[in-house]
Amino acid sequence: MSLPEAVFLILSAVAVASAVLAVGSHQLVHAALWLVVTLGAVAGCFVLMTAELLAWVQVLVYVGAVVVLVVFALMLTRSPTGSQSAEVTRNRPLAAVLGLLATVGLAATVIAGFRHERITGRLPGTAASIGDALFREWVLAFEVLSVVLLAALVAAIVISRSGSENR
Amino acid sequence: MPLLYPLLLSSALFGIGLYGVLARRNAVMVLVGVELMLNAVNLQLVAYDAWFAETLHTGQVLTLFVIALAAAEIGLGLAIVMAMFRATGSIDVDEADRA
């Protein structure tokens, strides 16, 4: 086993363990911080799969922005930040079974389909190559996405405002 | 690197995220589960892109789009959660239909 494979396996173990803690922790702020560890480990996996630009975008957007938003929302809604036992629904066993079934089903599918394939890293996803592909071939989708982002921004403002007017 | 490593990691993360969405009562934590599931999808896309190695970089560009859409989704989702908190004083998804 080569060094990148060993590092990838370690990062995978970190990602899975912290993801379990993120969905299982009874302390909500701890759960949000375990999400940081998961997303950071996934960014490391992106680097090992030669997607260096995406690794940085992952760190900037997810670890930087999304987690800060989540922590802000936890504080603003006065969620119980201490330890609390009634954090999970009654459906917890069913949810665990469904999550396990999804994992087993997906794993069986990818094992059946891609058992012998290997990643070669022939075309690394540098900022230059991704930017080239994005602004040459994907530019229409990129523009549509910017309109979607604008719509989401306006909608978020409208939802927040109309809530305060109703009071 | 075997293609299976990232694919299996992605399967595990998707299952964990699904559990988080279904089992958590706090609406913000439900969104955290959704983020985990989106990250599992991103891992698959990047893995297939690195494996398939074509000049269009379809997988990685689509991953960029998914990340941007996830940011929009969490922004809108948290706005809805805040509106729900202002309307009912609670963000418990079990009580949302009763309130």
Side-chain angles (χ1 to χ4, degrees), chain A residues 4-5 8 12 15-16 19-20 22-23 28 31 35 42 45-46 49-51 54 57 61 65-66 69-70 73-74 76-77 79 87-89 91-92 95-96 98-100 102-103 106-107 110 114 117-123 125 129-130 133-134 137-138 145 148-149 152 155-156 159-160 163, chain B residues 1-20 22-26 28-29 31-33 35-36 39 42-43 46-47 49-51 53-57 60-61 63-65 67-72 74-76 78-83 85-87 91 94:
Chain A
E5 290 179 25
F8 192 95
S12 307
V16 170
V20 168
V23 297
L28 296 179
L35 181 69
V42 171
C45 294
F46 284 175
M49 287 188 285
T50 69
L54 280 180
V57 171
V61 175
V66 168
L69 267 180
V70 166
L74 283 179
L76 285 174
T77 52
S79 301
E87 253 311 303
V88 288
T89 59
N91 306 327
R92 190 182 182 185
L98 276 178
L100 204 65
T103 300
L106 285 170
V110 295
F114 301 98
E117 307 294 342
R118 292 186 72 82
I119 292 176
T120 52
R122 221 156 14 96
L123 280 175
S129 65
I130 298 290
L134 192 60
E137 316 291 343
W138 296 94
L145 185 71
V148 170
L149 270 181
I159 290 173
S160 317
Chain B
M1 184 193 305
L3 179 60
L4 268 189
Y5 288 180
L7 297 188
L8 289 179
L9 171 61
S10 152
S11 311
L13 283 183
F14 191 88
I16 295 169
L18 185 63
Y19 167 78
L22 294 177
R24 284 290 208 171
R25 284 176 65 178
N26 191 310
V28 179
M29 287 295 134
L31 285 175
V32 166
E35 293 301 309
L36 281 177
N39 251 276
N42 286 349
L43 261 173
V46 172
D49 183 271
W51 168 63
E54 31 94 41
T55 48
L56 274 182
H57 277 299
Q60 295 197 26
V61 172
T63 308
L64 264 181
F65 292 165
I67 290 178
L69 284 177
I74 195 106
L76 257 184
L78 289 179
I80 292 172
V81 169
M82 297 302 297
F85 176 70
R86 266 201 301 264
I91 54 169
D94 266 7

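Sequence lines set the chain letters: A, B, ... in the order given, protein chains first and strands last, and positions in each chain run from 1. Worth knowing before you read on, the calculation uses all heavy atoms, side chains too, and leaves out hydrogens, waters and symmetry mates. Source: prediction; values computed, not measured.
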- Message: For B:Arg86 versus A:Ser160, what's the shortest heavy-atom pair and its separation?
- Response: NH2-O, 2.7 Å
- Query: Say you draw a straight line from CZ of B:Phe65 to CH2 of A:Trp138; how long is it, rounded to the nearest 0.5 Å?
  - Reply: 7.0 Å
- Do B:Met29 and A:Leu74 have side-chain heavy atoms sitting under 4.5 Å apart? yes
- Note on the structure: Closest non-hydrogen contact found for A:Ala95 with B:Leu22 is CB-CB, 3.5 Å
- Task: Could you look at B:Leu78 and say if it's the side chain, the backbone, both or neither that has a heavy atom under 4.5 Å from chain A?
- Result: side chain
- Locate the shortest heavy-atom distance separating A:Thr103 from B:Ser11; write the atom from each residue and the value. OG1-O, 3.4 Å
- Item | Under 4.5 Å from any heavy atom of chain A - which part of B:Asp49 | neither
- Would you check if B:Val46 and A:Leu54 make a side-chain contact, meaning some heavy-atom pair closer than 4.5 Å? yes
- Task: Give, as side chain, backbone, both or neither, the part of A:Leu98 having an atom under 4.5 angstrom from any heavy atom of chain B.
- Result: both
- Heavy-atom closest pair, residues B:Pro2 and A:Arg118: CG-NH1, 3.7 Å
- Query: If you count heavy-atom pairs under 4.5 Å with chain B, which of A:Cys45, A:Ala31, A:Ala107, A:Ala155 comes out on top?
  - Reply: A:Ala107
- Do A:Thr77 and B:Asn26 have side-chain heavy atoms sitting under 4.5 Å apart? no
- Message: Less than 4.5 Å to any heavy atom of chain A: does that hold for the side chain of B:Leu56, its backbone, both, or neither?
- Response: both
- Task: Carefully, step by step, assess A:Leu28 and B:Arg24 under the rule side-chain contact (heavy atoms from CB on, under 4.5 Å).
- Result: CA-CA 11 Å; A:Leu28 296 179; B:Arg24 284 290 208 171; 4.1 Å; yes
- Message: Is there a side-chain contact between B:Leu3 and A:Val110 in this structure, where contact means two heavy atoms from C-beta onward sitting under 4.5 Å apart?
- Response: no
- Where does B:Leu43 contact chain A at under 4.5 Å (heavy atoms): side chain, backbone, both or neither? both
- Sort B:Phe85 into side chain, backbone, both or neither according to what part of it lies under 4.5 angstrom from a heavy atom of chain A. side chain
- Query: Quick one: what part of A:Ala96 sits under 4.5 Å from any heavy atom of chain B, side chain, backbone, both or neither?
  - Reply: both
- Item | Per-residue contact mode, A:Leu35 against chain B (heavy atom under 4.5 angstrom) | side chain
- Task: Pick one of side chain, backbone, both or neither for A:Val148, based on which atoms fall under 4.5 Å of a heavy atom in chain B.
- Result: side chain
- Query: Do you know the tightest heavy-atom contact between A:Ala102 and B:Phe14?
  - Reply: CB-CD2, 4.4 Å
- Interatomic spacing from CD1 in B:Ile80 to CD1 in A:Ile159 - rounded to 0.5 Å: 4.5 Å
- From B:Met1 atom CE to A:Thr50 atom OG1, the distance as rounded to the nearest 0.5 Å: 8.5 Å
- Given A:Asn91, A:Thr120, A:Val20, A:Leu145, the one with more heavy-atom pairs under 4.5 angstrom with chain B than any other is A:Leu145
- Closest-packed option against chain A by number of heavy-atom pairs under 4.5 Å, given B:Gly75, B:Ala72, B:Ala53: B:Ala53
- Message: With a 4.5 angstrom heavy-atom cut-off, is it the side chain or the backbone of B:Thr55 that approaches chain A, or both, or neither?
- Response: both
- Does the side chain of A:Phe46 come within less than 4.5 Å of B:Asn42's, by heavy atoms? yes
- Task: Below 4.5 Å from any heavy atom of chain A, which atoms of B:Ala87 appear? Answer side chain, backbone, both or neither.
- Result: neither
- Message: Using heavy-atom distances under 4.5 Å, tell me whether A:Phe8 contacts chain B through its side chain, its backbone, both, or neither.
- Response: side chain
- Looking at B:Ala71 and A:Val61, what are the two nearest heavy atoms and their distance? CB-CG1, 4.0 Å
- What option among B:Leu18, B:Ile67, B:Leu8 has the most heavy-atom pairs under 4.5 Å with chain A? B:Ile67
